[in-house]
Protein chains: 2
Amino acid sequence: MDNPDDWDPLRHPGHYFSRIARGLTRVGDVRLRNLGLATAQLPVLTALKDGGELSQKELAKWAKVEQPTMAQMLSRMERDGLVRRVPDPEDKRSHLISLTDATVEKLPAGRAILRQGNSEMTKGLTDDEIKTLVSLLRHVLENVDSMEP
Amino acid sequence: MDNPDDWDPLRHPGHYFSRIARGLTRVGDVRLRNLGLATAQLPVLTALKDGGELSQKELAKWAKVEQPTMAQMLSRMERDGLVRRVPDPEDKRSHLISLTDATVEKLPAGRAILRQGNSEMTKGLTDDEIKTLVSLLRHVLENVDSMEP
DNA sequence: TATACAAACATAGGAACCTATGCAATGGAC
DNA sequence: GTCCATTGCATAGGTTCCTATGTTTGTATA
């Protein structure tokens, strides 16, 4: 009930997740900065990479962030010329978001940076270990998503 | 070189880490809120739980965050009565930070919440799988920490 | 049709992270 | 002892996340 190990961060997977995520974001953001991109924008780029037009709501759902978070990010991306927002002809409350041509041109370079980071992150792990890791991560994510506050 | 899977978030462990970390933070913060604690404060609580007094610099290093991040968090924690800062008699630039009695009294309840979250997070995994996961996470963290921007 | 509910977005406010930079105390070189 | 680089913090500015709440448009119901 009061095991001292409870407070040992090394026994808390949560601590690892937080530190790995922060580290990846920090390194990724620096590497993407020259391109004018950021790691938090990757889900948006992914969703729109083939010329698609999605609403803010759809993008928030895809990226698994709350609506105000996506609203702010799209504002910044629009300010920086990364995306375009045109009124949705079928719903005056909504806008359709798409990538600008300049952004599409940046995608290949972004791809290379991502691939590089991905391989550095799993350096020293066998293909089987990586598969195991992804499978365990998937399981944990499912548990986390089903956790009630 | 331009494999479309490069943009598939399901193939990017980084995406899992980010989503798991965010999910754990969100749920953990809600559950700790009644106690007046937050997940980001856990490393500080851990470091000082036995009555220790550490400097801001030492706490930042322990929590693996930058110095300004720790400065801000300690300000909030002091504002909320969680920690105390007394001048370091041996270095007038520095203060020694310690937990208040009120905070120490909250620790057992915090422990219970942590243990509960930890078990929910790994629900459905065997002890061996959890051990494997932690070992892989440790490996990835090491890689991430050694990544150059 | 009028009213009420729901949906899409905007805005406010705050926490936690970062980099860049400034300031004051310290401590070593001379 | 004086000078100067280093160290410990503080502050500024910005991004990404959250919750809570308001506004406008769309939809369905009485």
Side-chain angles (χ1 to χ4, degrees), chain A residues 14-15 17-33 36-44 54-61 63-80 82 85-97 149, chain B residues 14-15 17-33 36-44 53-80 82 85-97 149:
Chain A
H15 195 245
F17 289 119
S18 145
R19 279 187 48 198
I20 291 172
R22 272 197 290 124
L24 288 174
T25 300
R26 191 166 38 84
V27 173
D29 281 347
V30 170
R31 292 183 179 181
L32 288 170
R33 191 151 62 184
L37 303 177
T39 54
Q41 301 165 350
L42 294 178
V44 174
L54 294 180
S55 70
Q56 180 186 113
K57 164 96 172 192
E58 291 166 320
L59 287 172
K61 185 178 178 184
K64 297 278 169 92
V65 297
E66 298 302 319
Q67 167 261 321
T69 301
M70 183 54 70
Q72 282 187 323
M73 193 162 63
L74 291 176
S75 288
R76 287 189 298 267
M77 292 179 77
E78 189 179 25
R79 177 199 65 191
D80 297 340
L82 293 175
R85 310 165 89 152
V86 301
D88 183 340
E90 295 180 357
D91 189 335
K92 283 177 189 149
R93 298 169 299 179
S94 184
H95 287 250
L96 294 175
I97 292 113
Chain B
H15 194 244
F17 290 119
S18 143
R19 278 185 49 198
I20 291 172
R22 272 197 291 122
L24 289 175
T25 299
R26 191 166 39 83
V27 173
D29 281 347
V30 170
R31 292 181 177 181
L32 288 170
R33 192 150 61 185
L37 303 178
T39 56
Q41 301 164 351
L42 294 178
V44 174
E53 299 187 316
L54 294 179
S55 71
Q56 181 186 112
K57 165 94 173 193
E58 290 167 318
L59 287 172
K61 185 179 178 183
W62 168 269
K64 298 278 168 89
V65 298
E66 298 302 319
Q67 168 261 319
T69 300
M70 183 54 70
Q72 282 188 325
M73 193 162 64
L74 290 177
S75 287
R76 286 189 299 267
M77 292 179 76
E78 190 180 23
R79 178 199 65 191
D80 297 342
L82 293 176
R85 310 166 89 150
V86 301
D88 184 341
E90 294 180 357
D91 190 333
K92 283 176 190 150
R93 296 169 300 181
S94 184
H95 287 250
L96 294 176
I97 293 114

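In what follows, chains are A, B, ... by sequence order, proteins preceding strands, each numbered from 1.
Within the structure, a side-chain polar atom (N or O) of Q56(B) is placed less than 4.0 Å from OP1 or OP2 of dA10(D). Between R85(B) and dA10(D), a side-chain N or O to OP1/OP2 separation shorter than 4.0 Å is present. Phosphate proximity of dC9(D) to S94(B): present, with a side-chain N or O under 4.0 Å from OP1 or OP2. Proximity of R79(B) to the phosphate of dA15(C): a side-chain N or O atom is located under 4.0 Å from OP1 or OP2. Note on T69(A): every side-chain N or O is 4.0 Å or more away from OP1 and OP2 of dT16(D). Distances shown here put every side-chain N or O of R26(A) at or beyond 4.0 Å from the OP1 or OP2 atom of dT16(D).
In this structure, I97(B) and E58(B) have side chains that are not in contact, with every pair of non-hydrogen atoms separated by 4.5 Å or more.
Residue S55(A) is in sugar-phosphate contact alone, with no base atom involved, counting any heavy-atom pair closer than 4.0 Å across all strands shown. Counting non-hydrogen atoms under 4.0 angstrom, R76(A) reaches a base of the nucleic acid. D91(A) comes within 4.0 angstrom of sugar-phosphate atoms only, judged by non-hydrogen atoms across all strands, and of no base.
Separating the CD atom of Q72(A) from the P atom of dT19(D) is a distance of 13 Å, rounded to the nearest angstrom. At whole-Å resolution of the value, CZ in R31(B) and P in dC18(D) are 17 Å apart.
If you check distances only, the side chain of E66(A) never reaches the base of dC17(D) with a donor-acceptor pair under 3.5 Å. Side-chain to base pairing of Q67(B) with dA10(D): one donor and one acceptor N or O lie within less than 3.5 Å of each other.
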Taking only N/O atoms, report every protein-nucleotides 4-7 of chain C pair under 3.5 Å with atom names and distance.
{"unit_1": "dA7(C)", "atom_1": "N3", "unit_2": "R93(A)", "atom_2": "NH1", "d": "2.7"}

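Residues satisfying the salt bridge (charged side-chain N to carboxylate O under 4.0 Å, His left out) test with E53(B), not counting sequence neighbours, are none.
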